[in-house]
Enquirer: 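This is the structure, below, for whatever I ask next.
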Amino acid sequence: MAEPEIQLLLGVGLIEKDTNGDTLWVWCYPSTTAEMRDLLLRKCCLTDENKLLHTFVFGQYRRSWFYITTVEVQDSSVLKKVTHFSIVLTAKDFNPEKYAAFTRILCRIYLKHGSPVKMMESYIAVLTKGICQSEENGSFLSKDFDARKAYLAGSIKDIVSQFGMETVILFTALMLKKRIVVYHPRIEVIQEFTRTLPALVWHRQDWSILHSYVHLNDDELEALKTCTGYIAGFIDSKVSNRPDLYDVYVNLADSEITISQQAKEAMTMGKLHKEIGQFIVQSAEDPDKSDSQVIKDISLKTKEILTNLASFTEVSDDGEKPTLNFESLKQKRYPPATENFLYHLAAAEQMLKI
């Protein structure tokens with residue numbers, strides 16, 4: 001028996017743009033909130049003034065992932081007054097490849113039948129059995145797409161070839177659970193870059209920090225501000241004027257990384273950071289290494305740092321999490337930037353005495 005998707009899929013929706021140029025939320029199953037509907041209409045490229053077609057976008061809002069595939073309708077017999085439509089899936093898991101494949105099948109079904117009923121049948125089949133099969137629309141088997149594959153799909157090597165030694169700033173920000181904002185005018189570039197960043201802290205395997213498509217909208221920014229650390233992608237350059245949203249600002253278009261004023265102290269770079277930076281660059285520039293090998297190298301380096309940090313902790317009698325003994329860290333007489341980094345890392349890993 002296939003593991004049912006029941007615990008992962010949240011809903012399916014349909015947005016249409018008609019011959020008058022109006023974009024409407026047409027249908028959804030089971031049901032959705034007005035807040036979520038507004039969000040998805042905003043993310044869907046059909047409501048965008050610049051009329052650019054984005055075939056696939058994804059992101060996260062308050063722990064729900066959304067995946068949107070958009071197609072143009074060309075002389076369809078069943079969809080007379082529709083010029084474009086988008087299929088939206090919401091789910092609890094991060095897996096762009098899985099949901100891109102499934103939404104493509106749902107698009108083909110809708111193009112053929114012009115009725116949501118057939119789409120709903122396939123959706124329920126995947127929800128209950130994890131599979132939908134059909135001769136003409138293609139088959140989808142959700143267990144072909146495991147989470148680990150999604151985590152490893154981006155390219156760390158591309159990031160290092162763009163930022164070189166500065167990659168260590170991103171590594172440090174992620175290790176310390178800081179807020180990273182990434183800007184580029186093209187959503188596809190943002191999504192590719194941001195989805196790869198959590199792999200720099202592979203030991204956490206936490207993609208819930210990823211918000212790959214955020215608008216400067218009050219609801220969305222409120223939701224973002226409830227997260228401790230995050231990676232947030234924006235296509236609006238005005239985000240650079242919002243230092244309240246970031247500790248580290250990445251302008252992907254200009255390949256520039258800026259550390260904000262309030263994060264400078266925690267993010268002070270020293271000898272240790274230089275070593276880590278050189279290590280990352282050396283690994284990523286090795287032509288014989290795959291992206292996943294580079295991730296593994298960085299992960300082993302991270303483990304060394306965490307093991308070293310653990311040697312300055314003590315376990316209390318009540319079996320609580322180990323806490324940092326700041327005195328024994330001080331006695332090591334590390335360079336100030338190293339000691340500072342280890343202290344902030346202990347805070348990020350919840351190892352400080354409250």
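Just so we're clear, the structure is a prediction, and the values are computed from it rather than from any experiment.
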Enquirer: Within the 3.5 Å criterion, strictly below it, is a donor on Ser260 or Gln262 matched to an acceptor on the partner's side chain?
Expert: yes

Enquirer: Kindly write out the residues that satisfy side-chain contact (heavy atoms from CB on, under 4.5 Å) with Ser139, not counting sequence neighbours, or none if the list is empty.
Expert: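 Here the qualifying residues are Gln133.
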
Enquirer: Apply salt bridge (Lys or Arg N to Asp or Glu O under 4.0 Å) to Glu192 and list each qualifying residue two or more places apart in sequence or on a separate chain.
Expert: none

Enquirer: Go through the side-chain N and O atoms of Asn95 and Tyr151 and say whether any donor and acceptor fall under 3.5 Å apart.
Expert: no

Enquirer: Under the side chain to side chain donor-acceptor pair (under 3.5 Å) rule, collect the residues that match up with Asp236, sequence neighbours excluded.
Expert: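 With sequence neighbours excluded, Asp236 shows a side chain to side chain donor-acceptor pair (under 3.5 Å) to no residue whatsoever.
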
Enquirer: Give me each pair satisfying ring pair (Phe, Tyr, Trp, His ring centres under 6.0 Å) with a member in residues 254-303, each pair once, sequence neighbours excluded.
Expert: His273-Phe341

Enquirer: Please identify which of these residues, Arg179, Lys264, Lys178, Lys177, meets the salt bridge (Lys or Arg N to Asp or Glu O under 4.0 Å) condition with Asp247.
Expert: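 Passing option: Arg179.
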
Enquirer: Do Ser290 and Gln293 meet the criterion of a side-chain donor-acceptor pair at a distance under 3.5 Å?
Expert: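 Short answer, yes.
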
Enquirer: Mind checking side-chain contact (heavy atoms from CB on, under 4.5 Å) for Ile187 and listing every partner two or more places apart, or none if nothing turns up?
Expert: His54, Val57, Ile190, Gln191, Tyr213, Ile235

Enquirer: For Glu256 and Tyr249, test the side chains for any donor-to-acceptor distance below 3.5 angstrom and give the result as yes or no.
Expert: no

Enquirer: Hey, is the main chain of Asp22 close enough, under 3.5 Å, to the side chain of Asn20 for a donor-acceptor pair?
Expert: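 No, Asn20 side chain to Asp22 backbone: no donor-acceptor pair under 3.5 Å.
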
Enquirer: Taking only residues two or more places apart in sequence, or in another chain, which ones meet Val71 in a side-chain contact (heavy atoms from CB on, under 4.5 Å)?
Expert: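 Result, side-chain contact (heavy atoms from CB on, under 4.5 Å) vs Val71: Phe85, Cys107.
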
Enquirer: Any chance you could pull the hydrophobic cluster mates of Leu10, using side-chain heavy atoms under 4.5 angstrom and chaining through other members?
Expert: none

Enquirer: Determine whether Phe66 and Tyr61 satisfy the following criterion, ring-ring contact (aromatic ring centres under 6.0 Å, His included), listing intermediate values before the conclusion.
Expert: CA-CA 8 Å; Phe66 57 85; Tyr61 178 68; 8.2 Å; no

Enquirer: Kindly write out the residues that satisfy salt bridge (Lys or Arg N to Asp or Glu O under 4.0 Å) with Asp244, not counting sequence neighbours, or none if the list is empty.
Expert: Lys225, Arg242

Enquirer: For Lys303, which residues count as a side chain to side chain donor-acceptor pair (under 3.5 Å) partner, sequence neighbours excluded?
Expert: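 So Lys303 forms no side chain to side chain donor-acceptor pair (under 3.5 Å) with any residue.
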
Enquirer: Could I get the full list of side chain to side chain donor-acceptor pair (under 3.5 Å) partners for Arg37, not counting sequence neighbours?
Expert: none

Enquirer: Tell me every residue that passes side chain to side chain donor-acceptor pair (under 3.5 Å) with Tyr246, counting only those two or more places apart in sequence or in another chain.
Expert: none

Enquirer: Checking Phe145 now: which residues fulfil ring-ring contact (aromatic ring centres under 6.0 Å, His included) with it, not counting sequence neighbours?
Expert: Phe140

Enquirer: Mark yes or no for whether Thr103, through its side chain, and Ile87, through its backbone, hold a donor-acceptor pair below 3.5 Å.
Expert: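 It does not hold such a pair.
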
